[in-house]
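Step one of this worksheet: look at the structure below.
Residue numbers start from 1 in every chain, and the chains themselves are labelled A, B, ... in the order their sequence lines are given, proteins ahead of strands. None of the values given here were measured: they were computed from a predicted structure.
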Amino acid sequence: MTLAFQAHHTETSESQETEDRMSRYEPSKIEAKWRERWAETNIYEVDMRAAKRPFYNLMMFPYPSAEGLHIGNVFAFTGADIYGRVKAMQGHDVFEPFGYDAFGIHSENFALKQNIHPMTLIRDNVNNFREQMKRLGTRIAWSHEVDTTDPAYYRWTQWLFLQLYKQGLAEKRSAPVNWCPSCKTVLADEQVIAGKCERCSTEITHRDLEQWFLKITDYAERLLNNLNWIDWSPVIKTAQRNWIGRSEGLQTRFAIEGTSESVTFFTTRPDTIFGVTFMVLAPEHALVDQITTPDQKDAVDKYVTEAMAKTAVDRQQAERTGVFTGAYARNPLNNERVPIWIGDYVLATVGTGAIMAVPAHDTRDFDFARKYDLPIRVVVAPSDWSGGELAEAYTDAGTLVNSGEFDGMASQDASEAIVKKLESDGTGERTVAYRLRDWLISRQRYWGTPIPIIYCDDCGTVTVPEDQLPVELPYVENFRPTGTAQAPLALADSFVNTTCPECGKPARRETDVLDTFVDSSWYFLRYPSTEFDERPFGRELTEKWLPVDNYIGGKEHAVLHLLYSRFITMALHDMGHLSFEEPYKRFRAHGVLVLGGAKISKSRGNIVSPDDYYASHGADTLRAYLMFSGRYDEGGDFSDKGIEGVSRFLHRVWDLVERYRGQEGEPQLTDEAERLLHRTIKRVTQDISNLKFNTCIAAMMEYSNELQQREALHVREIETLILLLAPFTPYVTEELWARIDRTYSVHQQAWPAFDNELAKLQEVEVAVQVNGKTRDIIEAAAGSEEAAVVALAKQSERVQRHLGQSEVVKTIYVPDRLVNFVTKG
RNA sequence: GCCGAAGUGGCGAAACUGGUAGACGCGACGGUCUCAAACACCGUUGCCCUUAACGGGCGUGCCGGUUCGAGUCCGGCCUUCGGCACCA
């Protein structure tokens, strides 16, 4: 990365300019001044109660890392800020808050590495972030700042947990969970990426532990259905649909011979049920111990132990393996005996943790059958099937064979018929299965919100009474994770030992802390209500400001924060705390900035700080450059190669204003100039609403290029240019606004309006084609009659040369765009 | 493997519902200014052929199709990025 420091303002040029009574644009001389003025005059604060046209403009609050804001954050926040600034100029009372998602493994791991206590570390980081955000020139309402590690905030995170608990949506249960051996804590499924820890990329193992879960699966159907109407970027909706993973099928069971038990399983292919030649249970399946025959016990025990020790990645990549349990089940449809195996390709957490194996029609079962020499029976015939053995599993639909009364039916009809039969027998039922699983929220770490639960020998699990919140996170010297299922807080006796709120006897506190995503699942509800100490959010303010009008953030949270916060909002709605069930009216995903093709991160050593650019070019130039150099929703590879172009543009705008100030008298605004003015306003206004900031800036560049050609400038041209630019470059426009003696602040002015009629071109260029090839371009008045334009087109010498002697068989006319002569031959 | 997005000059990128491909900017080249340089400003800049001038051909990842006309629509590939991944 090379920074080009340019001397725009050398000693010589300065003195020359002074003679001309012209000044030079020097960002460093104006930015601090206006930042102070904005703070003194509170222009970005909102009267939350009196606001007439409330508009909640939200950006994703960041994790305040020690490295400070990087260029990717700046890119994201600038776009959101521009949007908020335009809305404000359009007459809305824009509320644009900011905060810090400062609990969590990331902060804690860093604190461990640096050997600084997170309480100290985070405070410093937050201060640094706040300063950098202020320098960026955002219109944040700083009086509503939120910090998830502040007891005044997490008190209400605990309150939220208690409400969920009372509602039966939070429960502690034993389950196989994802364990990160490096972070030494459990993780939610959403935090496991391809079998690895989201934070440190260590391969995940599984443990059976008593853990707290939030029952997000109760809301699976609603979370899915609401996606049909919320106004969100399609990418995110798709990601959520896939994650929820709804599938319809049949749940049924095969009785186990010689016991009263049966194996329950789910299948999306009831049409293949006659092809079952064995069954497979997950090694962790509850029935394994019960049904294993004595002669198979050693083999089974050994296999189970080995499977449990493997990482998720190993279990996925390894060859299919399994062991026979010695037990048999009976297929009720054909009364066949089928052997029951265990195998680690069947996952305990998917469906019922057991499958009917149909090797002929499932690739995984096919491989398994081949390996252990189990029978493969075709029951769904491919269209070209001659009755022989299959070389590989046939997984598509077909015609049923070897399936008794269902022979000859098509797959879909057969599925339907088989489900009906099992339903009427009472041995099966239609079921909807989801891929989504409950949200695991316990963490065996220190740096998080304590779970407000107390265990009493007599009273059992007891909630901390709401008036005793918050359960404060104690300062402990040794906050290192223990590596066992115990959290560091378990070692802090003064924290653990308490009394039971119900019976008063000695009791123990829960020592796990909450997943950070619980903290962030409701922060947008807190922002408008930061003034309240006695409740998480006020009803009136919440009704007035929520749901969020515009939320801009990264796609990386598609199935984490964005799914969790929808769930929490729905649950609070159902408990009567909120009148709405979707938190964000509109969500737009911005792109990700990368550097040299790699994601920006400290570990890659490719952090680019905005500070260097603040110093070399000013915050305005950085903002405008980031917005100009590509699409906001796509992001891309960051390079500062073109920053000089944007810098030049801002200098030109400055010089234009200076020229205007120095000019004598004022010219008439010609009709043509008037039209260009309206056209520019229209382009910028429309592109902003679609977050196409790059083309906005291009339009303003074109406009200023045009103004530069003028002998003299009209006041409306100068004013409009400053106003249009104001959301993008707030400092320099404030300065220029003052320089033309307008009232403070430019950011409180009305957004320029355009007249659609005036924005239209009067003269248009019409392409004249012969057989689809453009041969000439002619000028015509906009809205001309077809006959007139065609006549004009025919007169063109170039067109005539191409027409030659050929006969025109067809003439296409597209008003104001083109004429196409189609000739014969 | 499945789902999603995208492939356009030397580079970042534009292009409304199928209608002048390359706006805007970077870089490069030429010029003005300067003792000189930097800055600034003016001009040229998709590729190829050709001309004194005019002109002509090709061109939006590849192959094909629809259409008077395709960057845009359809079919089939290739590549890149993102997401999910033994989901039964």
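Remark: A/R435 is in phosphate contact with B/A85, judged by side-chain N or O atoms under 4.0 Å from OP1 or OP2. Of the side-chain N and O atoms in A/R364, none sit less than 4.0 angstrom from OP1 or OP2 of B/G1. Contact annotation: A/R241 does not reach the phosphate of B/C3 (side-chain N/O to OP1 or OP2, under 4.0 Å). For the pair A/N705 and B/G25, the criterion of a side-chain N or O lying under 4.0 Å from OP1 or OP2 is met. A/K555 has no side-chain polar atom (N or O) that falls below the 4.0 Å cut-off from OP1 or OP2 of B/G82.
Take A/H678 and apply the side chain to side chain contact (heavy atoms under 4.5 Å, CB included) test, not counting sequence neighbours, and it matches A/E674, A/R716, A/F754, A/D755, A/L758, A/A759. In this view, A/E429 and A/Q251, A/R253, A/T431 satisfy the side chain to side chain contact (heavy atoms under 4.5 Å, CB included) rule, not counting sequence neighbours.
Nearest heavy atoms, A/D640 versus A/Y613: OD2-OH, 2.8 Å.
Residue A/E221 places its CD atom among more than 12 non-hydrogen atoms of other residues, nucleotides or ligands, all under 6.0 Å distant. Around CD of A/Q412, the count of heavy atoms belonging to other residues, nucleotides or ligands within 6.0 Å does not exceed 12.
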Under the 3.5 Å Watson-Crick or G-U criterion, the dot-bracket string of RNA chain B, with | for inter-strand pairs | (((((((..(((......[....)))((((((.......))))))((((.....))))..(((((..]....))))))))))))....
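Within the structure, salt bridge (charged side-chain N to carboxylate O under 4.0 Å, His left out) contacts touching residues 264-284 of chain A (residues at least two apart or in different chains) are A/R269-A/D271, A/E284-A/R315. Residue pairs meeting the salt bridge (charged side-chain N to carboxylate O under 4.0 Å, His left out) criterion with at least one member in residues 814-823 of chain A: none, sequence neighbours excluded.
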Distances for protein N or O near nucleotides 11-18 of chain B N or O, under 3.5 Å:
| unit_1 | atom_1 | unit_2 | atom_2 | d |
| --- | --- | --- | --- | --- |
| B/G12 | O2' | A/S629 | O | 2.3 |
| B/A14 | OP1 | A/N694 | ND2 | 2.8 |
| B/A15 | OP1 | A/K692 | NZ | 3.0 |
| B/C16 | N3 | A/R817 | NH1 | 3.1 |
| B/C16 | N4 | A/R817 | NH1 | 3.1 |
| B/C16 | N4 | A/R817 | NH2 | 3.4 |

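Judged by distance alone, the side chain of A/S784 and the main-chain N or O of A/A780 form no donor-acceptor pair under 3.5 Å.
The nearest whole Å value for the distance from the CZ atom in A/F649 to the C1' atom in B/C26 is 16 Å. The separation between A/H651 atom NE2 and B/A40 atom P is 9 Å, rounded to whole Å.
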